[in-house]
2 protein chains.
Amino acid sequence: MKLITRDTDYAVRALREIAQSKEKMVSTVYLEEKLGIPRAFLRKILQLLQKSGILDSAKGNQGGFILARPAQDILLLDIIKVFQGDVCVSECVFLKEPCSQKSCCPLRGELKKIENYALERLGAVTLKSLSANTRK
Amino acid sequence: MKLITRDTDYAVRALREIAQSKEKMVSTVYLEEKLGIPRAFLRKILQLLQKSGILDSAKGNQGGFILARPAQDILLLDIIKVFQGDVCVSECVFLKEPCSQKSCCPLRGELKKIENYALERLGAVTLKSLSANTRK
DNA sequence: TCCTAATGATACTATATAGGTATCATTTGT
DNA sequence: ACAAATGATACCTATATAGTATCATTAGGA
Ligand code: FES
Ligand code: FES
């Protein structure tokens, strides 16, 4: 059971790297070498982060990516949402076949509590705090 | 993001039905009609519950399934484990390629907290309490 | 100005997991 | 003996995850 997919995990690593960089723009090639993430996949991930407003980008020579806002304003929850949609632990397993049991389903209540807790924790973690944790 | 798969959801419904039944043995056919779960799939689910010791079964005519222990001794967590393995929200996304970052991964700490909370909640819910919730 | 290094957009492929079926053997009450 | 049930097991299909590939576009610098 995974709360975090590989996209998200890679994204966090790349973002930490970008946050810590002193360069103006950080390129995919640089990140690939530093992190060992397959380049094409990493590119897709960075493009998504750009579209969602977490990264700014520059095309052309010397181009690359940079944080669109300070690291303390980027939440782990924001990053998760880009790749995994809304955090919704209590999602009905029959979401697509309109479910007749929504109001009486014996699981929803408990799952909702867990979801709320998860949202609270994930919303409290910023990219900045994730970077601080590094020096173990 | 799903904490509960369809197997588990079906299992919970079937178990509630079995718990409430006054018959000695409850058959797959009866449950199929009552719950609208595809029979072959339901059979697989019940067989798994039997193997894992949550249900007892009887073969032959008038056979079927019955709870192996009182409803208050069957935890939601037990049921989840049968179909989804251990609840492990903080599972490393690179589980199969031994992960070099286990000790320094910036996500593990937070995910672990969420996992602990989930375990605590799910471990507190019994089949009996799930049945009680029904009469909304 | 042209070349090159970069991203943007988008389509495609591969693999794993979830969800579901099907079949035959075995058991048991009537 | 027969019918009604489960046991064991193999298989299939759809979807989601993970990853690749390609061409177009942009911008800096020799
Ligand atoms: S199955 Fe639809 S709400 Fe629980
Ligand atoms: S990626 Fe392996 S521990 Fe975080």
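Both backbone and side-chain heavy atoms feed into the values below; hydrogens, waters and symmetry mates do not. In what follows, chains carry the letters A, B, and so on, assigned in the order in which the sequence lines appear, proteins first and then strands, with residues in each chain numbered from 1.
Counting heavy atoms from C-beta on, the side chains of Phe41(A) and Leu46(A) never come closer than 4.5 Å. Between Leu3(A) and Ile80(A) the shortest side-chain heavy-atom distance does not fall below 4.5 Å. Side-chain contact between Lys2(A) and Val89(B): absent, with no pair of heavy atoms (C-beta onward) separated by less than 4.5 Å.
Of the candidates Ile4(B), Asp9(B), Leu48(B), Leu48(B) is the only one forming a side chain to side chain contact (heavy atoms under 4.5 Å, CB included) with Phe83(B).
One can place CZ of Arg6(B) at 11 Å from P of dT15(D), the figure rounded to the nearest angstrom. The interatomic distance linking Asp7(B) (CG) with dT21(C) (C1') rounds to 14 Å, in whole Å. The distance from atom CD of Gln50(A) to atom P of dA9(C) is 7 Å, rounded to the nearest whole Å. Regarding Asp56(A), its CG atom lies at a distance of 15 Å from the C1' atom of dG8(C), rounded to whole Å.
Closest contact between the side chain of Lys2(B) and the listed nucleotides dT7(C), dA9(C), dG19(C) involves dG19(C). Residue Lys59(A) has its side chain nearest to dT7(C) when only dT7(C), dT21(C), dG19(D) are considered. For Ser27(A), counting side-chain heavy atoms from C-beta on, the closest listed nucleotide (dA6(C), dT21(C), dG8(C)) is dA6(C). Which of dA22(C), dT7(C), dG28(D) sits closest to the side chain of Ser57(A) comes down to dT7(C).
Residue contacts for Lys44(B): at a heavy-atom cut-off of 4.0 Å it reaches a base atom on one of the strands shown. Across all strands, Arg43(A) comes closer than 4.0 Å to base atoms (heavy-atom distances).
Of the two residues contacting DNA chain D, namely Asn61(A) and Thr5(A), the nearest-nucleotide position lying further toward the 5' end is that of Thr5(A).
Overall bending of the helix from dT1(C)-dA30(D) to dT30(C)-dA1(D), expressed as the angle between end axes built from five pairs apiece, is 10° (10° steps).
Between Asp78(A) and Arg69(A) there is a salt bridge, with a side-chain nitrogen of the basic residue lying less than 4.0 Å from a carboxylate oxygen of the acidic one.
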Working for side-chain contact (heavy atoms from CB on, under 4.5 Å), residues Glu23(A) and Tyr30(A): CA-CA 11 Å; Glu23(A) 305 299 315; Tyr30(A) 171 81; over 6 Å; no
